[in-house]
Structure formats: structure tokens, C-alpha cells
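For reference, the structure discussed in these notes is given below.
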Amino acid sequence: MDGKPIGVFDSGVGGLTVAGEIMKQLPDENLLYLGDTARFPYGSRGADELKRFTFEIVSFLQRGGVKMVVIACNSASSAALTAAQAHFDIPILGVIEPGARAAVQATRNRRIGIVGTQATISSGAYDRAIHTLDAGAKIFSQACPDLADFVEQGMVTGEIAKRIIGGYLESLVAAGVDTLILGCTHYPLLSGVIGKIMGGNVRLVSSAEEAAREVKEILTCRGHLRREKNSPTHRFLSTGDESKFLKLGTRFFGREIKRVERVSLDAGVAL
Ligand code: DGL
């Protein structure tokens, strides 16, 4: 069991921010990353569809022999984590609870902002997760339709980006939040602009670090950490165009991705 890979998936390349953090905290672990780029974006889809996608992908990764799955996508986590945990017999972790925990730890005035896709915000998943940890926290959320697409198009700096993001953040600045959850895998790439608009006293929180810490905890508690110390294998799979994944993925991952394999979810993963 300990040599099996950790499965990580997202609607595309955004979850590579989480995969990168897992690799940092667990440098000996094998990793199998799947980006469902053929069906990106997830954020405008309904909960039932996201549940179906999640079940398809977790089944696929399980056939690939993973020892646990990280749903490194806020939209899929908010729609499908509970159902997937109830259905599958391997540990499954989402990114909502880790992000909520990081925010509750970071806030001083207990006024927390959340930005995310329409699917994530309308699910109320972050609100529930935060209130489980601090029932008195005040939550202000804002859906940002199309913002993940802008990031994919490279619009992360400049006047247009500032204007669009400024519009989305206006109500959160007015609400006086001191902590803002970047509740979408793509938004850490906008943290420069978002930080400037929110002001230096507002802490920006993303789930990646906390999620990776939880992965480590789960594997440690179960005695499933990889024992071999030779170089681990990191594989990157995409349901869509490999070259687009390679180009975009390197930006999210912060290091070069050498090879991407195109897969069909109906088939298995050849180990
Ligand atoms: N991974 C998605 C999320 O975190 C990115 C946006 C999308 O697919 O719409 O919600």
C-alpha cells in the first residue's frame, strides 16, 4: 500500500498548486495527477453533474491503484466530497475544509471573505465548514464567474484584470474582512492583484498548504507513507489536449512538467 501513488484531480491544471504543495511536504510520495481539461470549467456546472464527474474520476484513479484521492478542485469538492467519501473505500480529501481551517486560524476580527466559482459559492460548502469551526464567524462570499477562464488566458496583471477583480471584491472590501479565502484553484495566481485591492492587512488564504498537511496526517496515521527513498514517480494525465496542459500547467506548477499523457476515463491507467 505505501508505494501506491496519491491521486489528485482537478477540472484542469489549477489543482497543480495543491499537487506541488503535496510534493513539497511529501517529497518521497508517488503522485498521479489527472486534469479533466476536456470538461473545464467545472465552476458553471450543477451539483449533480459535478458528482457524476467526480465519481468517474475517483473510479478511474482507483483503477490506477491510488492509495487516496485529493479532490484539488473547489467546485468538485463542494458538490461531491461527502457523496464520494460515502461511496468509495479509500480516503478522499477535498480542499474546502482545509481552506476553512486556515481562514479561521488566520482571522482576527472573525470577518472572513470567500471568492470562488458560482458552483462553490452557491453550494454554501465554505460557510458550513467555517461555521463548524467557529459558529460566530461572519462570512461574506462572492462568486466570480469567468475569473478562472481569465487566468487561463493569462490575464493576471494589468488594468483590465484589476478592473474585473476590483468589481468582484468591492463588497468584500466594504465588509471589512481581514481574511479572504481564495476558494478556486486559479486564484492564487491572482494574489498580487487581489492583495493590492484588498489592502496589506487582509490575509489571503488558499487551501494548498493545509490540504497537503492533511494528506500527510492521513497517510501517517494509517501507516501508508511510502518507505522507499528512491526518486518517486509523478505522472500527469489529461482528458484533453496535452500541449495546452503542458503550457498552462507549468505556470500553475511553478516548475517544468516534462510529459503529459492523454487518457480516456473509460479506460484504465497503465501502471
Ligand atoms: N478547479 C476549479 C475550482 O477550484 C477551477 C475553476 C473551474 O473549473 O471552473 O473551482
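Because only heavy atoms are used, hydrogens play no part in the values below, and waters and symmetry mates are left out as well, while side chains stay in. All residue numbers in this chain count up from 1 along the given sequence. As the structure lists them, so they are numbered: ligands from 1, and atoms in each ligand from 1.
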Sub-6.0 Å ring centroid separation between Phe9 and Phe60:
no

Has the side chain of Arg235 got a donor or acceptor atom that lies under 3.5 Å from a matching backbone atom of Pro5?
no

How would you list, by chain and number, the residues with a heavy atom under 4.0 angstrom from ligand 1?
Asp10, Ser11, Phe40, Pro41, Tyr42, Gly43, Cys73, Asn74, Ser75, Thr117, Ala148, Cys184, Thr185, His186

When you look at CD of Glu56, are more than 12 heavy atoms from neighbouring residues, nucleotides or ligands closer to it than 6.0 Å?
yes

Could you list the residues that satisfy salt bridge (Lys or Arg N to Asp or Glu O under 4.0 Å) with Glu21, not counting sequence neighbours?
Lys24

Using salt bridge (Lys or Arg N to Asp or Glu O under 4.0 Å) as the criterion, list what pairs up with Arg213, not counting sequence neighbours.
Glu210, Glu217

By side-chain hydrogen bond (donor to acceptor under 3.5 Å, both in side chains), Arg222 pairs with (sequence neighbours left out) none

